[in-house]
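Written out below as structure tokens is the structure these notes cover.
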Amino acid sequence: MSIFSYHLIELPFFEAVRRIFSSPISKDTKGLVHSEYMTTMTLGSSIFSPSRILIGQVAVFIQWKNENALESYLKQDNFGRTLAKGWHVRLSFIREWGKFSGFNLPNEKDQLESPNSPVVAVTIARMKPLAVPRFIHWGKPVEKLVKEHPGTTLSLASVKFPNTVSTFSIWKSEKEMTDMVHGYSKVEKPKRHSKAMQERERKDFHFEFITLRFKPLAEFGKWKGKSNFIPIL
């Protein structure tokens, strides 16, 4: 059964820069469907802030044909062993909105036990260069909404030059996430996300865009000294 994994790792600055241009995960990796190697960003930070793009902090989002392929990669591949020293979560696909080339979404979809179960959300898009200023204008308020929302245990953004952008968030419950999406959260300015989605529907920011929802299966390692971002696991 196809699974996904999301990895976070801190690397020395120059190694992180080198890997940005070297495609560290070979397309010939056994059991690999698709991977995206990205540099993390701090949600909600100023565009010109040093914390906006964190070169030494790497996010890798991967789809595998099965969990055995992931296990083998983490044990036998050089970069896989590096990823194994960081933090990662294994994910079972629930549903998607939109399309994004490279991933092969499975026909079999998992289900959560209840709306109160934890859920992981990933968005990934290829930006239209001329739409970047408008995207920043509408996206920054949404970033702050997600970052400061009491329903998230971990949230971040990431980028791969020249035009790939992504977000990753772990939610205590599916209900808290869907309330945020539709503007029902009991927070300040709750409709920031829904307004941004309306603007995207009016005039798209992206060449391609997808939102993915996952059931978390297992969590490994630590990120910035912390673990158990998904307590139920």
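The analysis underlying the following values was restricted to heavy atoms, covering all of them including side chains, and did not include hydrogens, waters or symmetry mates.
A donor-acceptor distance shorter than 3.5 angstrom exists from the side chain of Thr153 to the backbone of Phe229, with no hydrogens or angles considered. Checked by atom type and distance alone, the side chain of Arg81 pairs as donor or acceptor with a backbone atom of Lys75 at under 3.5 Å. No donor-acceptor distance shorter than 3.5 angstrom exists from the side chain of Ser5 to the backbone of Val89, with no hydrogens or angles considered. No donor-acceptor pair under 3.5 Å is formed between the side chain of Lys215 and the backbone N or O of Glu113. At distances below 3.5 Å, at least one donor-acceptor pair connects side-chain atoms of His149 with backbone N or O atoms of Gly151. Under a 3.5 Å cut-off, the side chain of Ser2 and the backbone N or O of Asn66 do not form any donor-acceptor pair.
Note that CZ of Phe161 and OG1 of Thr39 are 6.5 Å apart. Values are rounded to the nearest 0.5 Å. Atom CD of Glu143 and atom OG of Ser169 lie 12.0 Å apart (nearest 0.5 Å). Rounding to the nearest 0.5 angstrom, the gap separating the CD1 atom in Ile3 from the CZ atom in Arg90 is 6.0 Å. Considering CD of Glu15 and CD1 of Ile20, their distance stands at 11.5 Å, rounded to 0.5 Å. The distance from atom CE of Met127 to atom CD1 of Ile136, rounded to the nearest 0.5 Å, is 7.5 Å. Taking NE2 of His88 as the reference point, atom CZ of Phe61 lies at 13.5 Å (rounded to 0.5 Å).
The closest side-chain heavy-atom distance from Tyr6 to Phe214 is not below 4.5 Å. Side-chain contact between Gln57 and Trp223 is present, with at least one heavy-atom pair separated by less than 4.5 Å. Phe4 is listed as a side-chain neighbour of Leu105, based on a closest heavy-atom distance under 4.5 Å. The closest side-chain heavy-atom distance from Trp64 to Thr29 is below 4.5 Å. Within the 4.5 Å cutoff, no side-chain heavy atoms of Arg19 are placed close to those of Val58. Val146 is listed as a side-chain neighbour of Met180, based on a closest heavy-atom distance under 4.5 Å. Ile62 places a side-chain heavy atom less than 4.5 Å from the side chain of His7. Contact of the Tyr37 side chain with the Phe79 side chain is registered, since non-hydrogen atoms from C-beta on lie closer than 4.5 Å.
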- In sequence, state the C-alpha distance, the side-chain angles, and the governing distance for Glu148 and Val187, and then conclude on side chain to side chain contact (heavy atoms under 4.5 Å, CB included). CA-CA 9 Å; Glu148 298 170 359; Val187 297; over 6 Å; no
- Kindly determine whether Leu212 and Leu91 satisfy side chain to side chain contact (heavy atoms under 4.5 Å, CB included), including the steps that lead there. CA-CA 11 Å; Leu212 299 160; Leu91 305 165; over 6 Å; no
- Go through Glu96 and Lys109 one step at a time and tell me if the side chain to side chain contact (heavy atoms under 4.5 Å, CB included) criterion holds. CA-CA 10 Å; Glu96 89 285 355; Lys109 298 182 179 181; 3.7 Å; yes
- Message: What verdict does the side chain to side chain contact (heavy atoms under 4.5 Å, CB included) test give for Met177 and Arg213, after you've listed the backbone C-alpha separation in whole Å, the side-chain angles of each residue and the deciding distance to 0.1 Å?
- Response: CA-CA 10 Å; Met177 185 191 70; Arg213 190 176 298 178; 3.0 Å; yes
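The hydrophobic cluster containing Phe135 does not contain Val142, counting ILVMFWY residues as joined when their side-chain heavy atoms lie under 4.5 angstrom apart, directly or transitively. Clustering ILVMFWY residues whenever any of their side-chain heavy atoms sit less than 4.5 angstrom apart, transitively, puts Ile94 in a cluster other than the one holding Trp97. A single hydrophobic cluster is seen to contain both Leu32 and Tyr73, as judged by linkage of ILVMFWY side chains at heavy-atom distances under 4.5 Å, directly or through other members. Note on Val60: it clusters hydrophobically with Phe13, by side-chain heavy-atom contacts below 4.5 Å among ILVMFWY residues. No continuous path of hydrophobic side-chain contacts links Trp171 to Ile124 [ILVMFWY only; heavy atoms under 4.5 Å].
Note on Lys224 versus Glu10: no salt bridge recorded, every NZ/NE/NH1/NH2 to OD/OE distance being 4.0 Å or above. With respect to the salt-bridge test (charged N to carboxylate O, under 4.0 angstrom), the residues Glu188 and Lys144 do not qualify. By the 4.0 Å N-to-carboxylate-O rule, Arg202 lies close enough to Glu199 to be salt-bridged with it.
Environment of NZ in Lys65: sparse, with no more than 12 heavy atoms of neighbouring residues, nucleotides or ligands closer than 6.0 Å. Within a 6.0 Å sphere centred on NZ of Lys160, heavy atoms belonging to other residues, nucleotides or ligands number more than 12.
Between Ser158 and Ala59 the shortest heavy-atom distance is CB-CB, 4.3 Å. Contact between Lys191 and Gly183 at its shortest, heavy atoms only, is NZ-O, 3.9 Å. When every heavy atom of Val181 is checked against every heavy atom of His193, the shortest pair comes out as O-ND1, 3.3 Å. Of all heavy-atom pairs spanning Pro216 and Val119, the tightest one is CD-CA, 4.2 Å.
Defined by atom type and a distance below 3.5 Å, a donor-acceptor pair is missing between the side-chain atoms of Ser227 and Glu219.
Note on ring orientation: taking the six-membered ring where Trp is involved, the planes of Phe103 and His34 are perpendicular (angle over 60°, cut-offs 30° and 60°).
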Pairs of donor and acceptor atoms involving the side chains of residues 203-211, under 3.5 Å and at least two apart or interchain, shall be tabulated with distances.
from   : atom 1 : to     : atom 2 : distance (Å)
Asp204 : OD1    : His206 : N      : 3.2
Asp204 : OD1    : His206 : ND1    : 3.2
Glu208 : OE1    : Ser101 : N      : 2.9
Glu208 : OE1    : Ser101 : OG     : 3.4
Glu208 : OE2    : Ser101 : OG     : 3.1
Glu208 : OE2    : Arg126 : NE     : 3.4

